[in-house]
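Notes follow the structure.
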There are 2 protein chains.
Amino acid sequence: MKIDRDRSVRLLWEPPAEATRGPRAALSQARVVEAAIKVADAEGVDALTMRRVAETLGNTAMSLYRHVPGKSELLDLMVDAVWGETEHTPRGPWREGLEFFARQMWAMYRAHPWMLQLTTSRRMPGPQAMTRQDAAFAVVSGLGLSAEEIVAVVTTVSQFVDGVGRTMADRVQAERETGVSEDEWWNGREALWRHFTPERLPMTTRIWHAGGYERPLDEFEFGLARVLDGLRVFIEAEERTLVRKETCQ
Amino acid sequence: MKIDRDRSVRLLWEPPAEATRGPRAALSQARVVEAAIKVADAEGVDALTMRRVAETLGNTAMSLYRHVPGKSELLDLMVDAVWGETEHTPRGPWREGLEFFARQMWAMYRAHPWMLQLTTSRRMPGPQAMTRQDAAFAVVSGLGLSAEEIVAVVTTVSQFVDGVGRTMADRVQAERETGVSEDEWWNGREALWRHFTPERLPMTTRIWHAGGYERPLDEFEFGLARVLDGLRVFIEAEERTLVRKETCQ
DNA sequence: TAGAACCGTGTACAACGTACACCTCGTTTA
DNA sequence: TAAACGAGGTGTACGTTGTACACGGTTCTA
């Protein structure tokens, strides 16, 4: 299938035209996307094959191609549909707003971990994803930041959530594939621990014995607090006020 | 191929036993891993097939299986081999040490962007990766942090570099696949920009017109400074000293 | 010198996305 | 009202992937 990116744009940003002729369609783009999301939620992104999606709809693989140009475009549609599920109007001062933005994103990733395996740099941005980002920009406008800085601040938060989310998503996927929980799995790695000697890994073994791996801090909560603290230092910096010549709104 | 994780451990942590019988081997585990890394560097992770690796060595696909149990294990070996390429002894006070740690990681990801597509949660950690992490722990020891906090601080930095790196890796891969640079590609998305109207995306269009997308801030530099600032707030916090009962080292 | 251990090859299979030709409907037009 | 048309869904088939399996050649050990 040749990739026509402008068709992807139409697919995402323009409502699909309704057919005026032919038999009444049992399927529809929306139903295909919905079914695909269900498959991904329940069985992971590896199980997301055209045959599997079609099967859950009671159809054959090729029937999907009447409603979706190809798998890549189906993924585009799935991603944007999920972005549309969450509220995206953070309120309040910048810190609370960004925190809300991050927590919503986090909740979404927890519900649909496969999203992180699909969001790559050139996936076509859809209206839902863009609206969400726009709302985040609004939260940090009015602080005297330049346009570039607004983008950088929001990107920093998004990228943080993506990072933590990816770790979480990998865990979820591994648990599903192996049927073994994270803790159980690592506990069963006796053959590995044997190599963790104080000579080879002095700090790691020390931390190990101090119980540093037993009750790890929540990665999301810890990291989010640090990132927001770091942004506060930047936003409230006095020197920055000098550079605020061409600010954005 | 059934997955035997304990065999993966031996593969990574114990030097391969030399054969005493049979014909002199043209291939070796090291040569296979080296060839695979070259393929991934030059052609990306998608081109990394057993057939392709074998081809660059002048052999058949199945010959690789004499030296590597399967593709998954080959990836394990590639990842750890690359971790071994860089110096991993950051020095100096904690901030400089963590910065060095982050910059080394960043340089490595720039040289081998495919690494980010292979590091998933249950990939078996190898000696090189662990040694590196151990050195990072050492950098933030002696600050009165608890064991959990040491782990959390290092994880925060690693995860930040992973996040920025992943964005960069996606870009590199997309540029290779399409043969079109990032800027060219987005500039050609006329059909997309048409939908970016002030009514739909007020902040985005405003930022756009203010030139916020023309000279974006360096994501790595901006983010790293913020993360380290955030960690400084945490490390130097006075209240934290009260909780420092069971510190590590 | 026989046999065991090891190296590399060729063939084959199951899954994947999807191109293609086809039949079956329902609507539109003459 | 009949013919033409366009759309929905199916079945078959192909190329690509990882890798199981059986085989033949090579070199050291008993």
Side-chain angles (χ1 to χ4, degrees), chain A residues 1-4 7-8 11 16-33 35-36 39-40 43-78 114 117-118 123 177, chain B residues 1-4 7-8 11 16-33 35-36 39-40 43-78 114 117-118 123 177:
Chain A
M1 166 67 61
K2 281 285 150 289
I3 297 172
D4 175 355
R7 185 186 49 194
S8 296
L11 208 61
E18 292 213 10
T20 55
R21 302 241 264 237
R24 226 164 294 116
L27 263 44
S28 68
Q29 193 176 94
R31 283 197 65 210
V32 171
V33 171
V39 169
E43 302 167 41
V45 76
D46 288 336
L48 189 78
T49 68
M50 298 302 265
R51 286 172 173 83
R52 182 81 192 92
V53 174
E55 196 186 341
T56 67
L57 289 163
N59 289 79
T60 64
M62 291 314 293
S63 70
L64 306 185
Y65 287 86
R66 284 283 157 199
H67 307 275
V68 155
K71 187 174 184 181
S72 172
E73 290 82 358
L74 173 56
L75 300 180
D76 284 339
L77 289 166
M78 290 168 67
W114 47 268
Q117 286 153 286
L118 301 187
R123 188 159 297 290
E177 276 171 13
Chain B
M1 164 67 61
K2 280 286 149 289
I3 296 173
D4 176 355
R7 184 187 50 194
S8 296
L11 206 62
E18 293 211 10
T20 55
R21 302 243 263 238
R24 226 165 294 117
L27 264 45
S28 69
Q29 190 175 96
R31 284 198 63 211
V32 170
V33 172
V39 169
E43 303 167 41
V45 75
D46 288 337
L48 189 79
T49 67
M50 299 303 265
R51 285 171 175 83
R52 182 81 193 92
V53 173
E55 195 186 342
T56 68
L57 288 164
N59 289 79
T60 64
M62 290 315 292
S63 69
L64 306 185
Y65 287 86
R66 286 282 158 200
H67 306 275
V68 154
K71 187 174 184 181
S72 172
E73 289 83 358
L74 173 56
L75 300 180
D76 283 339
L77 289 166
M78 291 169 66
W114 47 268
Q117 286 154 287
L118 301 188
R123 187 159 299 288
E177 276 172 13

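Only this structure's heavy atoms are used, side chains among them; waters, hydrogens and symmetry mates stay out.
For the salt bridge (charged side-chain N to carboxylate O under 4.0 Å, His left out) condition, no pair includes a residue of residues 23-32 of chain B, sequence neighbours left out. Listed by first and then second residue, the salt bridge (charged side-chain N to carboxylate O under 4.0 Å, His left out) pairs that reach into residues 54-68 of chain B are B:R52-B:E55, sequence neighbours excluded.
Put simply, CG on B:L48 is 17 Å from P on D:dT16, counting in whole angstrom units. In this structure, B:R31 places its CZ atom 14 Å from C1' of C:dC7, rounding to the nearest Å. Computed from coordinates, the A:Y65 OH to C:dA21 P distance equals 17 Å when rounded to whole Å. Rounded to whole Å, the distance from CE on A:M50 to C1' on D:dG11 is 16 Å. For A:L64 and C:dT18, the CG to C1' distance is 11 Å, given to the nearest whole Å.
Closest of all the heavy-atom pairs between A:V39 and A:A47 is CG1-O, 3.9 Å. When all heavy atoms of A:G70 and A:M50 are compared, the closest pair comes out as C-CE, 4.4 Å.
Residues B:L64 and B:L57 form a side-chain contact, since some pair of their non-hydrogen atoms from C-beta on lies under 4.5 Å apart. Contact check for A:T60 versus A:S63: side-chain heavy atoms found under the 4.5 Å cut-off.
With rounding to the nearest 0.5 angstrom, the CG atom of B:L11 is 7.5 Å from the CZ atom of B:R7. For the atom pair OH of B:Y65 and CG of B:L27, the computed distance is 13.5 Å after rounding to the nearest 0.5 Å.
In this structure B:Q29 satisfies the side-chain hydrogen bond (donor to acceptor under 3.5 Å, both in side chains) test with no other residue, sequence neighbours excluded. Every side chain to side chain contact (heavy atoms under 4.5 Å, CB included) that A:R51 has, sequence neighbours left out, goes to A:T49, A:A61. Partners of A:A36 by side chain to side chain contact (heavy atoms under 4.5 Å, CB included), not counting sequence neighbours, listed by chain and number: A:L48, A:V53, A:L74, A:M78.
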Might you list the N or O atoms of the protein lying below 3.5 Å from N or O atoms in nucleotides 22-26 of chain C, with each pair's distance?
| unit_1 | atom_1 | unit_2 | atom_2 | d |
| --- | --- | --- | --- | --- |
| C:dG26 | O4' | A:G22 | O | 3.4 |

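Looking at residues 51-63 of chain A, you'll see A:R51, A:M62 sit with a heavy atom under 4.0 Å from some atom of DNA chain C.
Nucleic acid contact class of B:L74 (heavy atoms, under 4.0 Å, all strands): none.
Under 4.0 angstrom from either OP1 or OP2 of D:dG9 there lies at least one side-chain N or O belonging to A:H67.
Checking B:D46 against A:S28, the closest nucleotide of DNA chain D that is more toward the 5' end is the one next to A:S28.
Between the two ends of the helix from C:dT1-D:dA30 to C:dA30-D:dT1, each summarised by a five-pair axis, the helix axis turns through 20° (rounded to 10 degrees).
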